[in-house]
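Let me begin by presenting the structure, written as structure tokens, before commenting on it.
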There are 2 protein chains.
Amino acid sequence: MATIHDVALKAGVSVTTVSRVMNNRGYISERTRSKVFQTMEELNYHPNEIARSLLRKRSNVIGLIIPAVSHPFFAELANHVEYYAYQSGCKVLLCNSQLDPVKEKEYIDMLKRNMVDGIVMGSHTLEVDAYRNLHSPIVTIDRRIDEDIPYISSDNYAGGRLAAELLISKGCRKIAHICGNLTLNLLANNRSMAFRDVMLEHGIENVVIQTDMNVFDHDQYGRIIGKLLREHEDIDGIFATSDIIAAYALKGCTQAGKRVPEDIRIIGYDGIGAVSWFEPEISSIRQPISEIGRLAVELIRKQRDGEPFERENILPVELMERSTT
Amino acid sequence: MATIHDVALKAGVSVTTVSRVMNNRGYISERTRSKVFQTMEELNYHPNEIARSLLRKRSNVIGLIIPAVSHPFFAELANHVEYYAYQSGCKVLLCNSQLDPVKEKEYIDMLKRNMVDGIVMGSHTLEVDAYRNLHSPIVTIDRRIDEDIPYISSDNYAGGRLAAELLISKGCRKIAHICGNLTLNLLANNRSMAFRDVMLEHGIENVVIQTDMNVFDHDQYGRIIGKLLREHEDIDGIFATSDIIAAYALKGCTQAGKRVPEDIRIIGYDGIGAVSWFEPEISSIRQPISEIGRLAVELIRKQRDGEPFERENILPVELMERSTT
DNA sequence: CATTATATGTCAAACGTTTGATATATGTCA
DNA sequence: TGACATATATCAAACGTTTGACATATAATG
């Protein structure tokens with residue numbers, strides 16, 4: 001591959017001049033400029049970004065660490081992060097942690113070695129110190145580490161209330177809530193807080209079921225729903241903490257011969273595109289996934305450039321009422 | 001951040017020695033080795049991969065260009081590519097082309113400037129010359145460019161036959177086939193060839209509908225299915241060229257008051273995880289997505305290392321009969 | 001004792017850029 | 001004329017590694 005030296009030689013100028021032409025700095029005559037550009041064309045020259053990165057001590061890469069991109073929520077998140085990163089001249093390095101602390105740590109180290117501009121953490125399996133000490137711009141999704149590290153989440157509490165209140169307003173009198181592991185320090189747990197609060201306020205009978213939220217084992221959802229419907233035949237509402245769980249709830253209800261929404265109402269959370277693939281379409285609390293992605297990229301950029309930025313970013317959710325409620 | 005010089009200084013050795021310790025080359029006494037490692041610990045030293053990349057003229061990065069990672073098939077593909085890349089010490093740069101030739105070209109150029117080890121092309125919107133001239137290890141998914149560029153695809157023709165024959169064997173007598181744009185030079189079109197051949201062989205009435213296969217506009221599927229069912233009331237089988245289309249077909253049939261599989265049978269293609277979220281679960285032709293990802297990484301690596309490799313990689317498909325057939 | 005193999009370490013160039021310091025014209029304005 | 005802005009170019013250091021060439025010390029061998 002041609003280097004800047006080859007271009008300079010062929011164009012009859014110095015490498016400095018070529019560099020100045022490329023980076024638009026200093027005085028360059030129109031004649032020189034066009035000659036350089038022409039030579040670059042002729043040699044099919046592409047500046048080596050690695051050398052640039054080495055010098056400017058950053059790579060214009062954003063690391064995205066998530067449990068698994070095969071999970072629809074994270075797939076959509078990754079899609080938007082890539083979109084906004086591209087808009088701001090950055091690239092995205094895709095890191096699936098598989099919720100394995102070892103892999104997550106190795107990815108963090110790797111990203112630092114590669115001088116990424118910053119890291120978007122959608123997976124957090126490590127101790128808080130691991131994140132505090134990493135001295136690299138970082139943004140966490142749906143998890144608050146401490147007062148220094150900026151985080152983004154949807155308004156989980158409001159979302160939980162919306163879902164719970166909708167079910168009640170539709171007449172549900174015994175409601176199940178299927179959520180992740182509440183002992184993990186995730187902001188998503190606020191959905192469950194809100195559920196509990198609303199149930200108490202209205203004195204509604206309810207049952208809360210924790211899954212271990214293993215992103216990969218969807219089979220468990222089928223089993224859990226089956227068990228739930230068997231043990232609590234009179235349940236007439238389900239608030240699932242993700243749309244996938246809601247989909248399994250819908251499937252389980254149908255299999256158990258219950259009509260949705262007539263016999264039992266179901267609402268999910270996330271608002272992934274897949275909710276509209278179902279019949280009936282699944283009601284959901286929509287997180288602004290695109291905005292989360294946009295903000296994540298912006299927060300990395302602001303930290304990198306030393307601009308001031310907001311630490312707490314709680315974005316509004318929206319009730320998407322479809323056909324299961 | 002500490003550099004190799006800092007480590008050398010503090011450990012009282014030369015940078016060469018530190019480098020040799022890290023890379024395990026040359027003779028190093030156990031005493032020196034442990035001292036160096038200890039110093040690295042103390043300084044929290046991480047070797048700068050950018051500098052390494054510059055020297056060895058490659059970055060251990062694989063570029064993955066796909067239409068959109070929010071599409072379940074590509075999300076799963078990305079997941080597996082990441083998995084196997086990680087296994088072989090590589091990182092994955094995620095590039096969504098959005099099927100925009102300009103963006104795809106920019107991504108290709110960017111990847112070259114960053115000296116990636118190779119590019120996995122799951123999106124191909126450019127002229128063949130653009131791929132031929134890029135002088136970088138490359139693998140295409142589901143598209144044959146020429147005899148030089150290795151490609152991977154599932155056995156689309158066999159898959160198409162399997163699907164078509166299954167529907168016939170179940171007693172379908174008028175079958176619809178919903179596929180992408182057949183004028184694009186995609187190997188996926190062989191599914192449609194197979195469908196046509198099987199229909200001819202059995203003398204089965206059929207209707208073929210092309211969508212423009214815009215990965216992002218799912219609404220069109222709903223409209224197409226609705227129109228199809230209205231115009232051909234007597235259709236009793238549908239072979240969809242993707243599982244998402246199959247899901248919309250299932251939804252459309254249910255909305256039209258048809259029972260699946262009693263009144264109409266449906267089979268999709270791809271075998272994405274989502275097929276089992278539905279009730280009834282959707283029958284599908286499973287592509288070995290994991291194997292595709294594994295092979296993609298392997299083919300990049302072999303090209304990079306100058307090892308011999310197979311140009312044509314057609315992987316077997318598998319009939320996953322679930323409940324819609 | 002000379003020779004050789006083994007063990008350990010140092011030096012400096014190279015990878016492909018950017019950039020500050022410096023030099024030298026040329027033209028314009030007061 | 002001097003001062004100044006404009007235009008162009010050169011040189012060399014720097015970014016953080018790796019690595020071939022070379023140096024030295026020690027131990028084993030003939």
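Convention: sequence-line order gives letters A, B, ...; per-chain numbering from 1.
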In whole Å, what is the span from the [atom1] atom of [X] to the [atom2] atom of [N]?
| X | N | atom1 | atom2 | value |
| --- | --- | --- | --- | --- |
| A:Asn114 | D:dT17 | CG | P | 12 Å |
| B:Leu55 | D:dC15 | CG | P | 16 Å |
| A:Met1 | C:dC15 | CE | P | 14 Å |
| A:Asn48 | D:dT17 | CG | C1' | 14 Å |
| B:Glu49 | D:dT18 | CD | P | 8 Å |
| A:Arg56 | C:dT17 | CZ | C1' | 9 Å |
| B:Lys57 | D:dG16 | NZ | P | 20 Å |
| B:Asn23 | D:dT17 | CG | P | 11 Å |

Base, sugar-phosphate alone, or nothing: which one does [X] contact when heavy atoms must sit under 4.0 Å apart?
| X | answer |
| --- | --- |
| B:Thr3 | sugar-phosphate |
| A:Met115 | nothing |
| A:Val15 | nothing |
| A:Ile28 | sugar-phosphate |
| B:Thr32 | sugar-phosphate |
| B:Ser14 | base |

Judged by atom type as modelled, is there a donor-acceptor pair below 3.5 Å linking the side chain of [X] to the main-chain atoms of [Y]?
| X | Y | answer |
| --- | --- | --- |
| A:Asp6 | A:Thr3 | yes |
| B:Asn96 | B:Val69 | yes |
| B:Ser59 | B:Met115 | yes |
| B:Asn23 | B:Arg25 | no |

Protein-nucleotides 20-28 of chain C N/O pairs under 3.5 Å:
none

| remark: Which of D:dA9, D:dG16, D:dT18 is nearest the side chain of B:Arg52? It is D:dT18
| request: Could you check B:Leu54 against B:Thr17 and say which one's nearest nucleotide on DNA chain C is further toward the 5' end? | output: B:Thr17
| Watson-Crick or G-U wobble partner for C:dC11, using a 3.5 Å limit on both distances? | D:dG20
| With both distances under 3.5 angstrom, what nucleotide forms a Watson-Crick or G-U wobble pair with C:dA30? | D:dT1
| message | Would you say A:Thr17 and A:Ser14 are linked by a side-chain donor-acceptor pair, where the criterion is simply a distance under 3.5 Å? | response | yes
| message | Minimum heavy-atom separation for B:Gly122 and B:Pro67, please, with both atom names. | response | O-CD, 3.6 Å
| field | Phosphate-side-chain proximity, B:Ser19 and D:dT17, N/O vs OP1/OP2 below 4.0 Å | value | no
| field | B:Tyr151: ring pair (Phe, Tyr, Trp, His ring centres under 6.0 Å) partners, not counting sequence neighbours | value | none
| message | Please enumerate all residues that pass ring pair (Phe, Tyr, Trp, His ring centres under 6.0 Å) together with B:Tyr45, with sequence neighbours excluded. | response | none
